[in-house]
Amino acid sequence: HQASSASVVTIMTALYFAILDPADRDVSAAIHDLTGGGATVSIDAIGAAKTLANSVACLAPRGRHVQVGLLGAATTLPAQVISCAIARFS
């Protein structure tokens, strides 16, 4: 039995998860607002360049990113992702 999107959102909200749709808002800014400064850890299990960029941008200073989803062979990391990652560790 497959749960509907609405029921998944209801369950996640009841468990205090924030549902952030990148089509509706700036995910990184929303995470910084929700956490009071950024996430301690981000995990990307999708492997898309945009998801990686959002995952790194949402980190607090000295936060850690875990890349589980593999980026495609033709994928190059945008310079902003690298710059953002370096800035988080400064």
Side-chain angles (χ1 to χ4, degrees):
H1 173 61
Q2 190 173 21
S4 71
S5 294
S7 64
V8 170
V9 168
T10 301
I11 292 167
M12 298 302 282
T13 304
L15 294 172
Y16 302 102
F17 283 86
I19 308 298
L20 304 173
D21 184 347
D24 295 337
R25 63 196 308 183
D26 178 347
V27 173
S28 174
I31 291 172
H32 279 269
D33 289 344
L34 287 168
T35 60
T40 303
V41 175
S42 68
I43 300 171
D44 173 13
I46 295 174
K50 180 67 175 171
T51 307
L52 172 59
N54 281 334
S55 294
V56 171
C58 80
L59 291 171
R62 315 265 320 146
R64 302 289 189 257
H65 173 73
V66 178
Q67 186 66 40
V68 179
L70 299 177
L71 298 167
T75 302
T76 57
L77 295 178
Q80 81 179 71
V81 173
I82 302 302
S83 296
C84 187
I86 291 169
R88 298 279 186 249
F89 290 100
S90 298

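Keep in mind that the numbers below use all heavy atoms, side chains included, and drop hydrogens, waters and symmetry copies. Everything numeric here is computed off the predicted structure, so don't read it as measured data.
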- Of all the heavy-atom pairs spanning Pro61 and Gly37, show the shortest one and how long it is. CD-O, 4.1 Å
- Task: Treating Ile, Leu, Val, Met, Phe, Trp and Tyr as nodes and any side-chain heavy-atom pair under 4.5 angstrom as an edge, say whether Leu15 and Leu34 lie in one connected cluster.
- Result: no
- Query: Is Leu52 linked to Val66 within one hydrophobic cluster, defined over Ile, Leu, Val, Met, Phe, Trp and Tyr using a side-chain heavy-atom separation of less than 4.5 Å?
  - Reply: no
- Could you tell me the separation between the CD atom of Gln67 and the CD1 atom of Ile43, rounded to the nearest 0.5 Å? 10.5 Å
- Query: What's the shortest heavy-atom distance between Leu20 and Pro22, and which atoms?
  - Reply: O-CD, 3.5 Å
- Message: Please check this pair: side chain of Ser55 against backbone of Thr51, looking for a donor-acceptor N/O pair closer than 3.5 Å.
- Response: yes
- Query: If you look at every heavy atom in His65 and Ser42, which pair is closest and at what distance?
  - Reply: ND1-OG, 2.8 Å
- Keeping the roles fixed (side chain from Arg25, backbone from Ala23), state whether a donor-acceptor pair exists under 3.5 Å. no
- Query: How about Ile46: does its CD1 atom have over 12 heavy atoms from other parts shown lying under 6.0 Å from it?
  - Reply: no
- Task: List the atom of Val27, the atom of Asp21, and the distance in Å for their closest heavy-atom pair.
- Result: CG2-C, 4.5 Å
- Note on the structure: CG (Asp26) and SG (Cys58) are apart, to the nearest 0.5 Å, by 10.5 Å
- Item | Hydrophobic cluster membership, Phe17 vs Val8, 4.5 Å side-chain cutoff | yes
